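Contents: one structure, followed by commentary.
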Amino acid sequence: MQRLEAGGSAATATAIPLRLRLLAGVLLVAHLVVVGWLTLRPLDVPWAAAANLTPLEGIRTDLAYGPLEAARRIGEGLALLAPLGVLLPLVNGRLALSTLSAWSSVARTAAAGALVSLSIEMLQTAVPGQVVDVDSVLLNTAGVLFAHVAVVPVLRARLRRSHTPYQGDTPKISRVGLGPWTDVLSAVQREY
């Protein structure tokens, strides 16, 4: 049973504080503006490669450039939308989750990341110099998923510990010594 303070409810006892949710919302909007600026600005290039609509073909091409260049290119794809994996659950505001709702949180966050990435790719079709790549959707979604799994459970546990209501000190019961008749009563044979 959960103790509630005066004027509180079960919903407020298991919710992320409003101040933190608002901060996460502002950071989410700022991050999406920066991502939009990076991915949707026109590029002045002499030529553009064809769109990649074959899954994992772009990753194979990146791996052909060598380990350092491949790590940089794949890492950029993973990191572009990774903050969504942390910011979306913070904006949602739930702290106490069951096992099923924790898995649904992962699924909702990954689906939202995939939809944002797909929207960016669809908008890039109208931007000069930007090329549509299906592997970007895969890498961006994987980055959101990895960030969510790595950070959100730890963050929720920490917030739950820091926002538990104070219920007072543990009561101390003084030790009671042995009664005067314990020696006599322990010597008596009992038949039950």
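Since we're looking at a predicted model, the values are computed, not measured.
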If two hydrophobic side chains count as joined below 4.5 Å and joins carry through other members, does [X] share a cluster with [Y]?
X	Y	value
V91	L145	no
L88	L115	no
V116	V26	no
V151	V106	no
L27	V29	no

Output yes when a side-chain donor or acceptor of [X] lies under 3.5 Å from a complementary backbone atom of [Y], and no otherwise.
X	Y	value
R94	I16	no
N52	D135	no
R73	D62	no
E121	V134	no
S104	S101	yes
T109	S105	yes

R108, CZ atom: more than 12 neighbouring heavy atoms under 6.0 Å: yes

How long is the span from the [atom1] atom in [X] to the [atom2] atom in [Y], to the nearest 0.5 Å?
X	Y	atom1	atom2	result
T61	E57	OG1	CD	5.0 Å
L90	L159	CG	CG	7.0 Å
R21	N92	CZ	CG	7.0 Å
L80	S117	CG	OG	7.5 Å

If you compare all heavy atoms of [X] against all heavy atoms of [Y], which two are closest, and at what distance to 0.1 Å?
X	Y	result
T141	V137	OG1-O, 2.8 Å
P55	L53	CD-O, 3.6 Å
A82	A147	O-CB, 3.2 Å

Results of side-chain hydrogen bond (donor to acceptor under 3.5 Å, both in side chains) for R41 - residues two or more places apart only: none

Candidates L118, T39, L40, V132 - the one meeting side chain to side chain contact (heavy atoms under 4.5 Å, CB included) with L123: L40

Other cluster members, L138 - Ile/Leu/Val/Met/Phe/Trp/Tyr, side-chain contacts below 4.5 Å: L56, I59, L63, I74, L78, L139, F146

Hydrophobic cluster of V152, others only, ordered by chain and residue number, side-chain cut-off 4.5 Å: none

side-chain contact (heavy atoms from CB on, under 4.5 Å) assessment of T99 paired with W103: CA-CA 6 Å; T99 305; W103 283 107; 3.9 Å; yes

